[in-house]
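Below is one structure, written out as structure tokens; the observations come after it.
Every chain is numbered from 1, with letters handed out A, B, ... down the list of sequences.
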Amino acid sequence: MDKVSKIFGFVDNILILLAKILLAFMVVIVSINVFMRYALNTGIRWTEEISLVSVVWFTFIALAHGVKEKLHINMNLLPSRIAKKYEALLNKFTDIVILFVGYVMLYYGIKLVEVTSHSILPASNLPAAILYFPLIISGILVILNCLLDILGLNKPEGGRN
Amino acid sequence: MPELTIAAWILLGSFALLLILRVPITFALAASSIFTAIYLKIPLMAIIQQMVQGVNSFSLLAIPFFIISGEIMGEGGISQRLINFANLIVGRFRGGLALVNVLASMFFGGISGSAVADVSSIGAILIPMMKKEGYDSDYSVAVTVTGACQGILIPPSHNMIIYSLAAGGVSVGRLFLGGFIPGITLGIVLMILSYIIAVRRNYPTGRTYSFKEAILVTKDALLGIFTAVIILGGVISGIFTATESAAIACVYAFIITFFVYREIPISRMSKILYSSLRTLAMVMSLIASAKAFGWLLAYLKIPALVTASLLNITSNPILLLLLINGLLLLLGCIMDMAPLILITTPILYPIVVNSLGMDPVQFGIMMMLNLAIGLCTPPVGSALFVGCAIGKIPIERATIAMLPFYLGMIVVLMFVTFMPAMSMFIPNLLMP
């Protein structure tokens, strides 16, 4: 089972790398577009669309990574005595809710990709499905993260990357 | 009971229940939206599509950009330079370091706009320094935390962009400008309060600078503060949009940090991008799921219901505004800033803006200040937690030391609420 979480950590690392590249890429193309507009008097029409595709990909990769690293904030409204007593149960419940959301993201992500597979984005001519594809990746990762967490195999790295 | 009323109860009830059971806010929003859609037989595909649409917006891109430029500047040693500059201006007075703390946060707010980043970078330097010079640790923490929350009002602030999105496209430029006077007023009020306490406790005065040092310190800090000038100048003059200015600010921060300050190697960019990612994971996911939730709120006409029931309690605008401020303060005590902006803006906007006639910009500033106060109040105050962790004191002790500052913040909040000119004067002057 340790192998599973190792392979999984590897996939996570690759996606993190992709997310970091997307972040830098968005800064660069938006800046280049400003430069082109003023220096060369011509904007690039597809930059806006590409940066939007990038931010959607980034968001859903980050969402899944956030599940693994427990970055999503919650509230501590329960009295600490009760929270401590039922700690394990509450964590399992949270995992199940997140798992459910991940499943819905995956299932309907696939449907959205199918529905949009024949249309294209107007400015960049990319297939419109590219906008919904990250839902599938994110959904799978969220589900796996939750399963590992329920089995006690998830180890958040706490920002060592 | 009509179907829509039941659906409204399912949405709000399951959301509250999931929050109490400690489900992260992002997933509580998503799950309660999914439950409601199932009950209403709305295709779930529409909910998921809303989540994607929530982040599929060009003006939203400014949020990652502001976070990145703040991270680059923070990592590159801007905090120490801002502190030096603040020290040059106010360090010589009694309680100098406390004044320096508030002023440095004001400058820092002009670069980052994140109260937590502010406490962790300014506080990490100044709290130990203040303790060493004989300031009480609870006082040091209190000054740092309240000072940092003031930075949220000083433009640029990514929270204002979240508000602008949630309110359906309020001008980001006008919001930024609107924060100026309230932010600076709050800073001055905090400085006066810390000065009074410093005199009574006889805290030391800070150091003075030679003329040559002064020039150097000023140049170093102004290079950093220029980020804010790029952003504001670009947005006000219409040369670029808020998003574009934020991207340019990242490029500028990159150049200043790696080619002018040169304190860290360029390989550190990987770490900077990763810590931006960690912050953004929470914010961006929230924006995505809050979009689906907000869509259902509107579908079920919940904002109209809230407006009607609030108007039922009282139609006196002063009482209503006090009530809404009280509500936001209370919610701010238990929930973090970004989720609250996303959840309460669509609900309160109709009553405050449409019924009471407040300008959307003023409402935005009022909300920022309310929630900024919330960041430094227990039981949930992320700025307060970080401050207490750095100062190594229990939250109760810091809270007691903060009482006079809370009072000052509430007074400024009342001015912001009832004096439209405070938020509206500069935006109306520069971006009519």
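- Using a 4.5 Å cut-off between heavy atoms, B:M51 contacts chain A through both its backbone and its side chain.
- Among the candidates A:L78, A:I98, A:D95, A:L90, the residue making the largest number of heavy-atom pairs closer than 4.5 Å to chain B is A:I98.
- Of the listed residues (B:I287, B:L277, B:I20), the greatest number of heavy-atom pairs within a distance under 4.5 Å of chain A belongs to B:L277.
- Among B:V251, B:L19, B:L44, the residue making the largest number of heavy-atom pairs under 4.5 Å with chain A is B:L44.
- In this structure, chain A has a heavy atom under 4.5 Å from the side chain of B:F65, while its backbone stays farther away.
- For A:F58, the part lying near chain B is the side chain, with the backbone staying farther off; criterion is any non-hydrogen pair under 4.5 Å.
- If you tally non-hydrogen atom pairs under 4.5 Å between each of B:T26, B:L280, B:N56 and chain A, the highest count goes to B:N56.
- Only the backbone of B:S57 has a heavy atom closer than 4.5 Å to any heavy atom of chain A.
- Both the backbone and the side chain of A:I73 come within less than 4.5 Å of a heavy atom of chain B.
- Within the 4.5 Å cutoff, side-chain heavy atoms of B:P64 are placed close to those of A:L23.
- With a 4.5 Å cut-off on non-hydrogen atoms, B:I248 touches chain A through its backbone and its side chain both.
- Between B:F15 and B:L12, the closest side-chain pair of non-hydrogen atoms is not below 4.5 Å.
- Contact tally against chain A (heavy-atom pairs below 4.5 Å) for B:L60, B:L21, B:L286: the top residue is B:L21.
- With a threshold of 4.5 angstrom between heavy atoms, A:V53 does not approach chain B through any atom at all.
- Only the side chain of B:I34 comes within less than 4.5 Å of a heavy atom in chain A; its backbone stays farther off.
- Across all their heavy atoms, B:C250 and B:I72 have their closest contact at O-CD1, 4.0 Å.
- Using a 4.5 Å cut-off between heavy atoms, B:P43 does not touch chain A at all.
- Listed for the A:H72 side chain is no donor-acceptor partner under 3.5 Å among the backbone atoms of B:V23.
- When all heavy atoms of B:P265 and B:F258 are compared, the pair lying nearest together is O-CE2, 3.3 Å.
- Under 3.5 Å, the side chains of A:Y108 and B:Q49 contain no donor-acceptor pair of N or O atoms.
- Heavy-atom distances place no part of A:I61 under 4.5 Å from chain B, backbone and side chain included.
- B:L18 touches chain A through its side chain: at least one heavy atom from C-beta onward sits under 4.5 Å away, while N, CA, C and O do not.
- Residue contact with chain B, scored on non-hydrogen atoms closer than 4.5 Å, is absent for A:V28.
- A salt bridge links A:E87 to B:R22: at least one charged side-chain nitrogen sits closer than 4.0 Å to a carboxylate oxygen.
- At least one side-chain heavy atom of B:V52 sits less than 4.5 Å from a side-chain heavy atom of A:Y132.
- Under the 30°/60° scheme for interplanar angles, the aromatic rings of A:F100 and B:F35 are found to lie parallel.
- When each of A:V97, A:L77, A:V27 is scored by its heavy-atom pairs under 4.5 Å with chain B, the top score falls to A:V27.
- For a residue to count as touching a neighbouring chain, one of its non-hydrogen atoms must lie under 4.5 Å from one of that chain's; by this rule A:Y38 touches chain B with the side chain only.
- Proximity to chain B (any heavy atom under 4.5 Å) is restricted, for A:V34, to the side chain, taken from C-beta onward.
- The closest side-chain heavy-atom distance from B:S69 to B:I111 is not below 4.5 Å.
- Of all heavy-atom pairs between A:V55 and B:M284, the closest is CG2-CE, 3.5 Å.
- Screening A:L121, A:I29, A:V30, A:N33 for a side-chain contact (heavy atoms from CB on, under 4.5 Å) with A:I50, the sole residue that qualifies is A:I29.
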*Evaluate the criterion side chain to side chain donor-acceptor pair (under 3.5 Å) for residue pair B:E71 and B:S276; output intermediate values, then yes/no.*
CA-CA 7 Å; B:E71 288 279 351; B:S276 312; 4.9 Å; no
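- Of the atoms belonging to A:Y86, not a single heavy atom falls under 4.5 Å from chain B.
- Heavy-atom distances place the side chain of B:I68, and not its backbone, under 4.5 Å from chain A.
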